[in-house]
Amino acid sequence: MDDGIELCAVLERPQAERCPLVIVLHGFTSTKDKAHTLAACGAMRAAGFATLRFDLYGHGESGGEFRQHTLHKWISNTLAVLHAARRLDFVTEIWLSGHSQGGLTAALAGGMAPDLVRGLILRAPAFMIPRCAREGSLLGFAFDPLHVPEEVDVMKGLTLGGDYIRVAQTIHAEDAIRRFPGPVLLLHGDADDVVPPEDSRKAARMYHRCRLEMIAGETHHFDRHPEQMEALIREWLAAQRMLEAQEE
Ligand code: FER
């Protein structure tokens, strides 16, 4: 639950008594059950991490209306799930992961809780949403950014409330990026025509410890070369566990 809103989540554990856990966020209009999110979770478990994927406000099986969703509500949901995960007694440390708008949200929540979040795995994070909201263009829909409309019809019968834009306009991801000291894996397809790959290059330069992997020919939904995405996640997370074991 987050402030009266029920959140639907799926927890899956590898064969281990105690292990780290990754909280996994989906993208705009997506859900925790999409194939590429399931594939990412599988790769995390193959590296020995438990996964907790959940539906965010106004999406999938969680509460809330799509029209009323904002990045603030998604951040609040993420912090609520983070606090719930901290109460699970098998969990040794918590990581955040997200795709697209969920990647942006994971990066923002990570910047808020750098003491609670060990590291980040961001897939095509939509760092440009705040910039687009300020410029007056979201998903091809143009509006006056200084006079935000009551609502905008963004795609096939989907209506976003004006507060989505008002919230997004005031978000500065650069601040959250600089506040996060932990390890970050950034994955982006170089054929992504929804979120510019260049934004991940910029973010990679700003993060303190970041490995950026551009997947050649891959799209926004990681559906052309899923095995490459899986291998990058599995190998990087497994290496992180090795590093940690050495530090102990
Ligand atoms: C936008 C660009 C990308 C936008 C949302 C997204 C609402 C998110 C995409 C995703 O999460 O897959 O302009 O506006």
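Both ligands and their constituent atoms are indexed starting at 1 by order of listing. Along the sequence shown, residues are numbered consecutively beginning with 1.
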Q: Restricting to salt bridge (charged side-chain N to carboxylate O under 4.0 Å, His left out), what partner residues turn up for E230, sequence neighbours left out?
A: none
Q: Can you list, pair by pair, the side-chain donor-acceptor contacts under 3.5 Å of residues 105-116, counting residues two or more places apart and other chains?
A:
residue	atom	partner	partner atom	Å
T105	OG1	Q101	O	2.8

Q: Using a 6.0 Å distance limit plus a 45 degree cone around the ring axis, check whether K32 lies over the aromatic ring of F54.
A: no
Q: Under the side chain to side chain contact (heavy atoms under 4.5 Å, CB included) criterion, do D163 and V148 qualify, and how do the steps go?
A: CA-CA 8 Å; D163 286 351; V148 173; over 6 Å; no
Q: Sort out the contact shell of ligand 1: every protein residue with a heavy-atom distance below 4.0 Å, listed by chain and number.
A: G27, F28, S100, Q101, M128, I129, L138, L139, Y164, H220
Q: Show me the donor-acceptor pairs within less than 3.5 Å that the side chains of residues 41-50 make with the rest of the protein, sequence neighbours left out.
A:
residue	atom	partner	partner atom	Å
R45	NH1	E12	OE1	3.4
R45	NH1	T51	OG1	2.7

Q: Does the gap between the ring centers of F180 and H208 come in under 6.0 Å?
A: no
